[in-house]
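Only one structure is covered here, and it is reproduced in the block below.
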Amino acid sequence: MTKLTRGAIALPGTSLANRTGSWRVMRPLHQHRAAPCHTACPAGEDAQDWIARFDVGDWQGAWQALVSANPLPAISGRVCPHPCESACNRGRYDQPIAIHSLERYLGDMALQQGWDYPVAPLDAALPAVAVVGAGPAGLSAAYHLRRQGFKVSLIEALPQAGGTLRSALPYYRLPTEVLEGEIAHLLALGLDWRPHTRLGRDVSLEELEQDFAAVFLGPGNQKGRRWDVSFAVPDTLRVGLELLHEWMRMGTVATPRSVAIVGGGNTAVDLGRILKRLGAAEVHLITHERIPGPGVADFDAMPAAEREVRQAIEEGVVVHEHRSVRRLLLKGNKVIGVEMVHAKKLVGADGRPRLTTFEGTESVLHVEEVIPAIGQQVDAEGFEPLLQGRPFIPVDAYSGAVPGSAKLFAGGDARGDHGTVSAAVGDGRRAALAIARRLRGQGELNPETRATIGFEQLNLNYYEHQPRQEAAVLPPAERVCHQEVESGLAPAQAALEARRCLSCGNCLACDNCWTLCPDSSVLKTRERASDGSHYVFDYDYCKGCGLCAQECPTGYIVMQPEY
Amino acid sequence: MSAEHTISLADLRAKQPRFQGLTAGHRACLGCGQALAARLVTEAAGPDVAVANATGCLEVFTTPYPESSWRLPWLHSVFGNAGAVAAGMEAAYKKQGKSTKVIAMAGDGGTFDIGFQALSGMLERGHNVLYVCYDNEAYMNTGVQRSGSTPHAATTTTSPAGAARMGKRHMKKDIVTIIAAHRIPYAATASVAYVSDLRRKVRHALEVDGPSFLHIHAPCPLGWGHEGAATIEVARLAVQTGLFPLIELERGELTAVMPIRQPRPVRDYLALQNRFRHLFSQDPRAQVELEHLQALADHNIEVYGLLGENADAQDSEGADTVQRGGVRWA
Ligand SMILES: Cc1cc2nc3c(=O)[nH]c(=O)nc-3n(C[C@H](O)[C@H](O)[C@H](O)COP(=O)(O)OP(=O)(O)OC[C@H]3O[C@@H](n4cnc5c(N)ncnc54)[C@H](O)[C@@H]3O)c2cc1C
Ligand code: SF4
Ligand code: SF4
Ligand code: SF4
């Protein structure tokens, strides 16, 4: 040690000999917690992650991060009811991030630029897996298996892939070029594509189980449920989903002047909008539930997405909420009206909602036709035993494994407990991960345990209010035929929107901790630190005051007791 | 490969992409507002600066013999003469033809009370010195005795709340107005909670020719009785309530203020600190003093015109909005 004259001088920076870290009783740690948008996304996307890449202009990186979970962003960005946005922390600050718009933006950009999905080369050592059904669930399962190097045979009854997206999603919400583009891109990944092959007719489950190490089933719900009513119906009764299919194939269907559609799901709402477009003067929707929206309980909300219902209403569809059909008014074989009654699902003592109708509230609606659109179930012809007498395939809720089978997995609409594209994509993804683990002898797939970061854990002092960027929507009068109703964000809008993300639970490299530590104990690094951030704590000096954790806007720093 | 594996922490510290005038290993309390403020000031000022430091917390915790946390020329004056010593340093550099900037640093005791005449003389003689006062509102180093800067109604060991009175009886001395009366080129207030604003003011003060004065509100977790983690939050609330207005004066005239977007009630600020705990008791005088402090805040807002008309990117809520990549605080 340099000898100093007492009380006179000291050499610069020599206090570094004094390791004040020994004072510490709490230790700051970086902890990447899950953003609520991630936790809420049925497909498993981490929007925080890909929006961060978007924000720095790395669009391809953003798209790659996005498709590491969901290979269909151009599609889901258009049709997903985006529960991520309902969960978005920013919604409690001003308005949620328009995640779906950014997702669509990246999906469209990838199609335009022809970006390739990142996949591992085929691994000859891995066994082959079969996927049945080329709807979103099957496509996702096939893609995620292929991504990890598995050989995949994709088996589909119809000539083309897409499932319900192709057979029932109207062009005005999902233009054909987008559907075709994303699907063609996926099929080009080197899948063994087998169209015109129906499980139960052209190939049996036993054969598949023999030839493949694992089988994922994503047959969707292709069988219309019977309209199980006690009153008389005309024998000319047309059913919602079939009419939709016909319109998708032919571009038109016979259109009555006035019609009542029974049901509150996607089929009912889309059919209503189509009949409006085809010139029906009066389109009524009769539904047990309410129009979805904030504060409406899930069991009491129409299954169709809020945005779709809103747009249908703008287009002139009349929704009769909390109504049930009592009987049809018939003149011979011809419908002249429908008798409705007030009805509501009431939660019983067992906690289950049950429909109750209220006597004395009957009313009559004069219409020329009544069309039930009340849902579908699995068409299991040729593999009925799998359903165990139920309308759906019972599976493990997380992995999609069929209980009691070593090889079978299922997901998508066929599970019966959810019915969206993103849920189907998520089922396919988790099943693919579970299959890969099983086949590699790595045991079962466990649910993600990362904690979700709440709104209260953010420090909002460092954010500024910014209005959400909304995509242009065609005015109702201009919504004719196939015209896409919503358009995408312009590049400048998308950049602004990505910038609004609060980066919940993950470092955004704002420099707060580096700048505000009174003990210069947060060091900045050019390279990434092992936790992925650009900051390291110098525990030799950190006293554990917790100021960095308090002032971190994103909640990325937590304090932990030192022992 | 991650940074920890390729480079030692000591090397990483040596290579930080900004000037570090004050380094780690000092003995300040957890979450010390003054340690943070001094770091921010030297960072914004450096590297070609020299410091004259009055006796006080900062001097004590940065230089226990034989160590120093300073990485720039630094001189310890006595308690009462930082202004005079800095003036001498400035004259010496001038004589040597050097452009090194001189900063005097002192606490509120060393500025408002004990060092005031040396400060006033330095200003009056027009020395080209930036005088920084770190205001933690009492004599903290010697055990939390009241100073001329202690706010009305705060408890200290020499102004205890009790049967006789509700904390300090007198008002906080209006030091900035007194400084302004010297008609120096630049005087300003700043807060550790508004870092961009603080940096800008340090740089501006060093640019002006002649004496400048910067009064920085720097919470003291020990003396104020709040968590070390709450230092910034407390400082921010002092600004957002109007109790500590952020203002700039040139030649004694008010030239700029940081507008308050949405004034917060003084209770929000006071409730975080034990030195005001008695104001939340059942004592009937508590209510009166709470209203008194609210009136003082309202008075500041009125006198300095702190109420923003519209949301502003530089107001009390817009300032220091984060951006990915930290570009704001390069
Ligand atoms: C009118 C309508 C509108 C909708 N709108 C939306 C919306 O806006 N947003 C949203 O998220 N969701 C919407 N949905 C729901 C969404 O389409 C489904 O949740 C999703 O397509 C389910 O995907 P899946 O892969 O499970 O099944 P499907 O998409 O139904 O695909 C199943 C595939 O399996 C094939 N298949 C079936 N059985 C066999 C067999 N035995 N052998 C071989 N192949 C077989 C089928 O031909 C089909 O290609 C809508 C549905 C409808 C009907
Ligand atoms: S603000 Fe960003 S990270 Fe947070 S929930 Fe919303 S989209 Fe996700
Ligand atoms: S602010 Fe600094 S001293 Fe305080 S806990 Fe964080 S790293 Fe440690
Ligand atoms: S304060 Fe900013 S830079 Fe530090 S960890 Fe949090 S988000 Fe990252």
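Just so it is clear, the model here is predicted, and its values are computed rather than measured.
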For the pair A:Thr14 (side chain) and B:Ser68 (backbone), establish whether a donor and an acceptor sit closer than 3.5 Å, ignoring hydrogens and angles.
yes
What part of B:Leu75 lies closer than 4.5 angstrom to a heavy atom of chain A: side chain, backbone, both or neither?
neither
Under 4.5 Å heavy-atom distance to chain A, tell me which part of B:Glu233 shows up: side chain, backbone, both or neither.
both
Distance-minimising heavy-atom pair for B:Arg236 and A:Tyr462:
NH2-OH, 2.9 Å
May I ask you to decide if A:Cys507's main-chain N or O and B:Arg324's side chain share a donor-acceptor pair within less than 3.5 Å?
no
Heavy atoms of A:Tyr463 and B:Val322 approach each other most closely as CE2-CG2, 3.7 Å
Can you give me the closest heavy-atom contact between A:Cys545 and B:Gly31, atom names plus distance?
CB-N, 3.3 Å
What closest approach, in Å, do B:Gly25 and A:Tyr541 show between heavy atoms, and which atom pair accounts for it?
N-CD2, 3.7 Å
With only heavy atoms counted, which part of B:Thr63 is less than 4.5 Å from chain A, the side chain, the backbone, both or neither?
neither
Qualifying residues under side-chain hydrogen bond (donor to acceptor under 3.5 Å, both in side chains), relative to A:Gln95, sequence neighbours excluded:
none
With sequence neighbours left out, what residues match A:Asp519 under salt bridge (charged side-chain N to carboxylate O under 4.0 Å, His left out)?
A:Lys543
Any donor and acceptor pair, going by atom type alone, linking the side chain of B:Gln16 with main-chain N or O of A:Lys524 inside 3.5 Å?
yes
What are the residues of residues 16-31 of chain A, in order of number, with any heavy atom under 4.5 angstrom from a heavy atom of chain B?
A:Leu16, A:Ala17, A:Asn18, A:Thr20, A:Trp23
If the contact rule is any heavy atom under 4.5 Å from chain B, which residues of residues 551-561 of chain A qualify, in numerical order?
A:Glu551, A:Pro553
Sort B:Arg39 into side chain, backbone, both or neither according to what part of it lies under 4.5 angstrom from a heavy atom of chain A.
side chain
Pick one of side chain, backbone, both or neither for A:Ala549, based on which atoms fall under 4.5 Å of a heavy atom in chain B.
neither
What closest approach, in Å, do A:Ser15 and B:Ala24 show between heavy atoms, and which atom pair accounts for it?
OG-O, 2.6 Å
Counting heavy-atom pairs under 4.5 angstrom with chain B, the leader among A:Cys501, A:Ser520, A:Gly546 is A:Ser520
Residue B:Arg27 versus chain A: region with a heavy atom under 4.5 Å:
both
Heavy-atom pair of closest approach, residues B:Asp312 and A:Glu464
O-OE2, 4.2 Å
Would you sort out whether B:Arg199 and A:Thr515 count as a side-chain contact (heavy atoms from CB on, under 4.5 Å), showing the intermediate values?
CA-CA 11 Å; B:Arg199 281 174 197 266; A:Thr515 304; 3.4 Å; yes
